[in-house]
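These notes concern the structure reproduced below.
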Protein chains: 2
Amino acid sequence: MASLTDHIENHLNKLLAISTRSYVEIQRAELARKFACAPSQVNYVLSSRFSLARGYLVESRRGGGGYIRIYRIASPQARNWAKTLSRMDAGSFDPVQARHFLKRICEEKALSQREAQVIKTLLQDKHYRGLDREDKINLQVKLFKATLEAVLRNSY
Amino acid sequence: MASLTDHIENHLNKLLAISTRSYVEIQRAELARKFACAPSQVNYVLSSRFSLARGYLVESRRGGGGYIRIYRIASPQARNWAKTLSRMDAGSFDPVQARHFLKRICEEKALSQREAQVIKTLLQDKHYRGLDREDKINLQVKLFKATLEAVLRNSY
DNA sequence: CCCTCATTGACCATTGCTGACCTTGCTGAC
DNA sequence: GTCAGCAAGGTCAGCAATGGTCAATGAGGG
């Protein structure tokens, strides 16, 4: 069911695709008018669909002549994923960010759709019902890291 | 005596039959309205008639613009694995057999080496240290099944 | 009379959307 | 220079729109 958020996401992705630069520049109010929604809806789309973990960078300026720029950032190399992975621990782990990370390396072609799907499954809280929060997070981190490392090991 | 459940099952099967895709997409509330029943009745139909054991997969999303998708697993072979999977539970689960199962579907080219590697990783006991034996087995079963379901869902 | 399958409702979780209020940058009057 | 005023964009709490779970209850068939 394509929601408004989905439509706006699509629109922005199209703009990015046809842009000759590495970014696309929009005006929040104008975009809101085009989709007949509240301006803050644009912020919602940006934060839920164009986050850093998904490989985008958003930059903006307020005031007269203000704008919002959305950059598609260049792909990190495989060794950087390892670094990112190693930085993850129970303390800072966030399943949402982890999912974004998966989507990202999937887009980089380092992971197939199916592989991503499999690993994403491990991040679903429902499988860990009955455990306390700490055990759950701990397992999610461990399995997430272990499985990704297994994949990356096998890609050479 | 055709029960409400039977009627809904029939309806969904018709939709599946005429669908051009490998799945049908519905909205729980809407379907409940059409059959004048409680929304949770739909969940009952899904779990009792469109289970993995019967060769179906169900995927859903909550929130505004949410949906429920029902997939019919296309290949008879895959339906067979699904049945095997659905029979696995904490009582009978055995990591050794699970590995054999992986090996088999790997040989049948339904699973890549890398995918198998990922799933094998989560069968390793070492990740579950600190949990009681029962919790461990429980998690291994759940994750094993859930990840393989993810593969099935993506094998079209 | 039981036992199993079917139904329901109360309560919960997740995602999307909006409006009220806040912050920042610019420009012009004085 | 500085202060008022307008023109952006930012934040966040809260409501809306979905679907999920589970325990209690009902209905039929043996």
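Computed from a predicted model, the values in this text were never measured in an experiment. Chain A is the first sequence line, chain B the second, and so forth, proteins listed ahead of strands; every chain is numbered from 1.
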Could you tell me the separation between the [atom1] atom of [X] and the [atom2] atom of [N], rounded to a whole number of Å?
X      : N      : atom1 : atom2 : answer
A/I8   : C/dT15 : CD1   : P     : 18 Å
A/E59  : C/dT24 : CD    : P     : 17 Å
B/N43  : C/dA13 : CG    : P     : 16 Å
B/R28  : C/dT15 : CZ    : P     : 15 Å
B/F35  : C/dT8  : CZ    : P     : 13 Å
A/Y128 : C/dA13 : OH    : C1'   : 18 Å
B/Q41  : C/dT7  : CD    : P     : 4 Å
A/D6   : D/dA17 : CG    : P     : 17 Å

Select base, sugar-phosphate, or nothing to describe what A/S40 touches, counting heavy atoms under 4.0 Å on all strands.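 Base, at least one base heavy atom under 4.0 Å.
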
With no hydrogens and no angle check, just 3.5 Å: does a side-chain donor-acceptor pair link [X] and [Y]?
X      : Y      : value
B/S112 : B/Q117 : no
B/Q97  : B/H100 : no
B/T121 : A/E149 : no
B/R28  : B/N43  : yes

Can any side-chain N or O of B/S19 pair as donor or acceptor with the backbone N or O of B/L15 at less than 3.5 Å?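 Here the side-chain-to-backbone pair does not exist.
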
If C/dC30 has a Watson-Crick or G-U wobble mate with both distances under 3.5 Å, name it; if not, just say none.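 With both distances under 3.5 Å, C/dC30 matches D/dG1.
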
If we call it a pair only when both distances are under 3.5 Å in a Watson-Crick or G-U wobble match, what pairs with D/dG10?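 Answer to the pairing question: C/dC21, which forms a Watson-Crick or G-U pair with D/dG10.
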
Please pick, from C/dT7, C/dG16, D/dG19, the nucleotide with the shortest atom-to-atom distance to any side-chain atom of A/Y44. C/dG16

Can a cation-pi geometry be assigned to B/R54 and B/F50, taking NZ or CZ under 6.0 Å from the six-membered ring centre and within 45° of the ring axis? no

For nucleotides 26-28 of chain C, print each protein N/O atom paired with a nucleotide N/O atom at under 3.5 Å, atom names and distance only.
| from | atom 1 | to | atom 2 | distance (Å) |
| --- | --- | --- | --- | --- |
| C/dC26 | OP1 | A/R61 | NH2 | 3.3 |

Does the gap between the ring centers of B/F93 and B/F144 come in under 6.0 Å?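 That pair passes the under 6.0 Å test.
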
On DNA chain C, check which nucleotide each of B/A38 and A/A36 is closest to and give me the residue with the more 5' one.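 That would be B/A38.
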
Closer than 4.0 Å, any side-chain N/O of [X] to the OP1 or OP2 of [N]?
X     : N      : answer
A/S60 : D/dG10 : yes
A/R49 : C/dT15 : no
A/Q27 : D/dG9  : yes

